[in-house]
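For reference, the structure is listed below as structure tokens.
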Amino acid sequence: MSPRMAKIISTELLENKDAKWLNLVKITYEDENGQARNWEAMQRAGRPKDSIVDAVQMIVIANRSNGPVILLEKQFRPPSGKIVIEFPAGLVDEGETPEEAALRELREETGYIGEVVLDRGGKRPILFSSPASSGSKNFLIHLKIDDSKEENQNPKPQLEDGEFIETFWVPLSDVYLELRKLESQGFAIDGKVGVFAEGLETSKMWS
């Protein structure tokens with residue numbers, strides 16, 4: 001991470017004509033009683049025509065001798081005003097599959113070379129990140145890393161201008177408590193990572 005801390009300078013309303021990534025839209029729909037209603041939502045601009053999802057989130061695991069570890073990121077997110085603990089993630093580019101996007105984003109953001117883990121449930125479900133306010137669609141893709149391979153010994157991220165990402169490994173068994181600790185230190189927890197950790201903890205509680 002940069003030695004300087006990112007900070008919010010100002011916040012102002014943005015017209016759709018000036019927006020590059022998101023648009024505010026009004027959705028008119030008919031409810032269960034046949035009454036027409038309006039809903040305000042965000043819509044991502046520029047989803048590739050050949051992709052059914054906007055983005056991919058990755059659960060990245062390395063299976064080490066002392067147990068599996070998961071790769072997480074720290075990245076400042078202006079809407080939260082904080083550094084957020086996240087899964088590696090990114091948008092799907094035109095002409096690539098979600099799996100190709102996942103491997104590319106992993107390499108760019110972390111420097112690691114990974115391998116897609118086949119989905120055990122068959123067809124991968126489309127996930128809506130925030131269905132009450134956005135129609136953005138995602139796939140959650142499992143990747144595995146063999147960090148004993150030479151290509152993963154000294155990973156070098158290929159970050160874009162304005163990207164400041166720090167990656168770190170957490171034992172899978174410690175994710176729940178580690179996120180609690182990070183939150184107490186002032187970090188924000190991405191909802192998807194938080195729900196993942198709660199799922200792990202719930203499984204322990206009821207096993």
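These numbers come from the heavy atoms of this one structure, side chains and all, not from hydrogens, waters or symmetry mates. This chain uses plain numbering: 1 for the first residue, then up along the sequence.
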Open item on the list: Are I165 and L103 linked, directly or through intermediate hydrophobic residues, by side-chain heavy-atom contacts shorter than 4.5 Å (ILVMFWY only)?
Closed with: no

Open item on the list: Taking the side chain as everything from C-beta on, heavy atoms only, tell me whether I145 gets closer than 4.5 Å to W169.
Closed with: yes

Task: Minimal non-hydrogen separation, E100 against G95, with atom names - done: OE1-O, 4.3 Å

Open item on the list: Within the structure provided, determine whether L143 and L106 are in side-chain contact (heavy-atom separation under 4.5 Å).
Closed with: yes

- [ ] Search all heavy atoms of A102 against all heavy atoms of M58 and return the closest pair with its distance.
- [x] O-CE, 3.4 Å

Open item on the list: With side-chain contact (heavy atoms from CB on, under 4.5 Å) as the criterion, how do K74 and V84 come out once you've worked through the C-alpha distance, each side chain's angles and the decisive distance to 0.1 Å?
Closed with: CA-CA 5 Å; K74 296 177 182 177; V84 182; over 6 Å; no

Task: In one Ile/Leu/Val/Met/Phe/Trp/Tyr side-chain cluster, 4.5 Å: L118, I61 - done: no

Open item on the list: Would you say that L179 contacts F187 through its side chain, given a criterion of any heavy-atom pair below 4.5 Å between the two side chains?
Closed with: no

N/O donor to acceptor pairs below 3.5 angstrom from side-chain atoms of residues 152-160, sequence neighbours left out:
unit_1: N152; atom_1: OD1; unit_2: I113; atom_2: N; d: 2.8
unit_1: N152; atom_1: ND2; unit_2: I113; atom_2: O; d: 3.2
unit_1: N152; atom_1: ND2; unit_2: D146; atom_2: O; d: 3.0
unit_1: Q153; atom_1: NE2; unit_2: D147; atom_2: O; d: 2.7
unit_1: Q153; atom_1: NE2; unit_2: S148; atom_2: O; d: 3.2
unit_1: Q153; atom_1: NE2; unit_2: K149; atom_2: O; d: 3.4

Task: ILVMFWY cluster, I85 and F76 together (side-chain gap under 4.5 Å) - done: yes

Task: Test ring pair (Phe, Tyr, Trp, His ring centres under 6.0 Å) applied to W39 - qualifying residues, sequence neighbours left out - done: none

- [ ] Check whether any side-chain heavy atom of V175 lies under 4.5 Å from a side-chain heavy atom of V170, and answer yes or no.
- [x] yes

Task: Worked check of side-chain contact (heavy atoms from CB on, under 4.5 Å) between I126 and F139 - done: CA-CA 6 Å; I126 296 173; F139 276 145; 3.7 Å; yes

- [ ] Inspect the contact between D31 and R37 and indicate whether a charged nitrogen and a carboxylate oxygen are less than 4.0 angstrom apart.
- [x] yes

- [ ] Check the pair L182, F168 against side-chain contact (heavy atoms from CB on, under 4.5 Å), reporting the backbone distance first and the verdict last.
- [x] CA-CA 12 Å; L182 289 165; F168 63 107; 4.0 Å; yes

TODO: Mind listing the closest non-hydrogen atom pair of G186 and K82 along with its distance?
DONE: O-CD, 3.5 Å

Open item on the list: Between K137 and L127, is there a side-chain heavy-atom distance shorter than 4.5 Å?
Closed with: no

Task: P48 versus V92, closest heavy-atom pair with distance - done: CG-O, 3.1 Å

- [ ] Could you go through the side-chain contact (heavy atoms from CB on, under 4.5 Å) check for E30 and Q35 one step at a time?
- [x] CA-CA 5 Å; E30 188 176 277; Q35 181 174 343; over 6 Å; no

Task: Stepwise salt bridge (Lys or Arg N to Asp or Glu O under 4.0 Å) test for E151 and R107 - done: CA-CA 11 Å; E151 62 193 15; R107 184 175 64 254; over 6 Å; no

Task: D93 backbone acceptor or donor facing E96 side chain under 3.5 Å - done: yes

Open item on the list: Under a 3.5 Å distance rule, please check whether S130 uses its side chain to pair with a backbone N or O of A132 as donor and acceptor.
Closed with: no

TODO: Please examine the side chains of E109 and E163, heavy atoms only from C-beta on, and report whether any two atoms are closer than 4.5 Å.
DONE: yes

TODO: For K204 and S173, work out which heavy atoms get closest and say how close.
DONE: NZ-O, 2.8 Å

TODO: Could you state whether V193 and V60 fall into the same hydrophobic cluster, counting links through intermediate Ile, Leu, Val, Met, Phe, Trp or Tyr residues with side-chain heavy atoms under 4.5 angstrom apart?
DONE: no

Task: Test: R104 and E108 ion pair at under 4.0 Å - done: yes

Open item on the list: If hydrophobic clusters are built from ILVMFWY residues whose side chains come within less than 4.5 Å, do V69 and L177 share one?
Closed with: no

Open item on the list: Taking K192 first and then E86, would you say they form a salt bridge - that is, a charged N and a carboxylate O separated by under 4.0 Å?
Closed with: no

TODO: From the options V117, L140, L72, select the one residue that forms a side-chain contact (heavy atoms from CB on, under 4.5 Å) with I59.
DONE: L140

Open item on the list: Strictly distance-based, threshold 3.5 Å: is any side-chain N or O of N16 a donor or acceptor partner for the main-chain N or O of L24?
Closed with: yes

- [ ] Of all the heavy-atom pairs spanning Y176 and A197, show the shortest one and how long it is.
- [x] CD1-O, 3.9 Å

Open item on the list: Is there a side-chain contact between L200 and L172 in this structure, where contact means two heavy atoms from C-beta onward sitting under 4.5 Å apart?
Closed with: yes

Open item on the list: I'd like to check I141 versus V116 (side-chain heavy atoms, cut-off strictly below 4.5 Å). Are they in contact?
Closed with: yes

Task: OH on Y112 to CG on L71, rounded to 0.5 Å - done: 6.5 Å

Task: N-O pairing of E183 and R180 below 4.0 Å - done: no

